[in-house]
Each structure stands twice: as C-alpha cells, then as structure tokens.
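First listed ligand is number 1; within each ligand, the first listed atom is number 1.
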Amino acid sequence: MVGLDAIAVGQVARDIVLVVDEVPGPSRTARVRCRRELLGGKGANQAVSLAQLGARVGLLGVVGQDEVGDRLLGQARSDGIDVAPVLRREGTPSALIVDVVDAQGHWRYLEDIPRETLLTEADVAGAEDALRAARAVLVQLQQPLAAALAAARCARSADRLVVLDGAPDDPGGAAELLALADVLRADAKEAGLIFGEPPKDAETALRAGRELLGRGPSLVAVEVAGAGNAFVWPDGELFVPISETPTVDTTGAGDAFVAALTLGLLRKDPHDQTARYAVAAAGATVGHPGGRPDLTAEAIEEQLARIPGS
Ligand SMILES: Nc1ncnc2c1ncn2[C@@H]1O[C@H](COP(=O)(O)OP(=O)(O)O)[C@@H](O)[C@H]1O
Ligand SMILES: [Mg+2]
C-alpha cells in the first residue's frame, strides 16, 4: 500500500447506461440505441480517472459478495487500481445504477444503492493504514457523514491532501469537514445545497468560492451549470468556461474533474493550469454515454484547445 498517489473513498457500483431517443411515458416502449455496462459509482469513477491520468491509485468502497462484486473488482484491477481496501459485504447485492440518457443529453438515474454498500465509520477505521499511506485522499460526500468525516480526519492527521467532492448535507458536520479539507469541489446543484440556490453566473460562483475558502479549504471549485467552473484560492481566482464539446452525457465529468484537480495539486502545477486541466478532463468525459472516463493525453490536449479563451 505504500507509495499510492491517491485513494478514492466512495461508491462502487455496476453502471448500466441506456441511450434512448426519448424516455417513454407510462405504457410506452423505447428502443435502446446504445447499451454500456461499466464499473461505476463516484468513488470508482474518480479512481479510474486518476489511473488513466497516470496516478497510482487505490479505492475504498463496498461491494457485495456477489458475482457483480467480483466483476467490478476485476474491472478495477485491470484499470490498474489497488482494490485491497475495498470491502466485500456479506448479505447485500452490489450497488446498481441505471443511467438513462436521452438524445438531448438529459440523464435520469435509477439507483439501487443498498445502505450496506455505503461506507461506515468502522469501515474507514479499518482502512486507516491505506488512507495514511496515500498522498491524497478524495472523499465523496454522498457517503454517510460519519464515514466522510472519519476519512477526512484520518487523512488530515497524516498531513495528506484532503479533497472533498460534493456538499456536506448535514450542517452539523459541514463546518468540521470544511475545516479538514484542502480542496472542496461542488457542482451547481451541490453549491445550491450549501448556498440555497445554485450560482447563476461566474461572479456568483466566484463569490461562493471566496466564502467557502474562509471555512477551511485552500482551493475551491464551484460549477455554474452549462457555463463553467469558478476556482478560488488565497491569492487568486479564475473562471474557466466549459469546452466547446457536444454533450452526450455529463455523468462522471465531475469525477474526472476532481481527479485531474487532485493530480495537478500533487504535481504542484500552478493553480490556473490545474484549473484548466480539470475542465479539460471533464470535457473529455461528456462526449460519451456513461460515467466511465477515457482520459488519454490526446483527449486532454484536444480539450484544452477547446476551452474558450485558452
Ligand atoms: N463541455 C464541457 N467541457 C468541460 N467541462 C464540462 C463540459 N460539460 C460539463 N462540464 C463540467 O462537468 C462537470 C460535471 O460535474 P457533475 O455534475 O458533478 O458530474 P458527476 O457528478 O456526474 O461526475 C461540471 O464541473 C461541468 O462544468
Ligand atoms: Mg458531481
């Protein structure tokens, strides 16, 4: 376990992606244009992104003792991910997410995420050595607050880079989580949970970022839906518009984004460069259905050239 660049803490799920022209109403049928069955879930997507970007990465999440769990772990292994920290839980099926995408790129998720496939505080305690051994710990805030807090506390106590993706849903734990974080990244909906409404433009998102910066993190990224992402750090800020790429499905783009952001920070690249790198990784993920990233060096280069103003 020694020598990992990062460990992603979060959901591991079987993803079934179905592309249809139009989602049918009741008693109607739609022909599926494209079907993909993938390793998914935000924790796994972040780990796959990191591996594709060249990081040595581990995964902490939960799958069942079922055949699906075997396949998910097999895929993660062949992606180059260290799956030793993943827990196999008896008595639960592995999580399943069905992503139904229409021709306009609107997604609907049908989720069967049994409670037992979420991480507990005890699960995190059992993985402390792995968390301490990684240079960065990415914590996905859709996991129970107690588990997210335990992971962040452990990483912070070992002086690791603590990266949070999402919005703390419990105001009681939010203050401590933010105080433990180096990085907070929120999509527009998550920023809306924190501030009451999603940021409507670059200025609002930059202001939200500055406000969050005062609560602990030293880098904050906030999305403006359909427009771009605001990045704020103590001595700078930048709004990076989204790249000019036709969107098929934004699923997983935030995971690719946060993975690239983490890697840029680990490499100690300048923050403005890291910001564009993150947006390029997101852009490289929106052109295909499903959350599984496909982050090649060429795809990133191509995306960097498609960011307006770059
Ligand atoms: N064409 C694009 N180029 C670059 N980034 C994009 C593009 N379209 C969407 N994005 C970004 O992708 C991210 C999607 O995030 P999110 O909704 O959290 O995805 P998920 O949670 O499914 O991984 C946002 O930061 C958004 O700005
Ligand atoms: Mg997201």
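Sequence neighbours left out, the pairs with a member in residues 249-270 that pass ring pair (Phe, Tyr, Trp, His ring centres under 6.0 Å) are F231-F257. The list of salt bridge (charged side-chain N to carboxylate O under 4.0 Å, His left out) pairs with a residue in residues 246-259, not counting sequence neighbours, reads K42-D255.
Between D269 and R276, none of the side-chain N atoms (NZ, or NE/NH1/NH2) sits under 4.0 Å from a carboxylate O, so this pair counts as no salt bridge. A salt bridge does not link E211 with R207: none of the charged nitrogens is closer than 4.0 Å to a carboxylate oxygen.
Protein residues with a heavy atom closer than 4.0 Å to ligand 1 are K42, R185, D187, E223, N229, I242, S243, T245, T250, T251, G252, A253, G254, D255, V279, A282, G283, V286, listed by chain and number.
For the residue pair Q303/T245, the side-chain donor-acceptor check at 3.5 Å is satisfied.
Listed by chain and number, the residues in a side-chain contact (heavy atoms from CB on, under 4.5 Å) with P24 are R28, A30 (sequence neighbours excluded).
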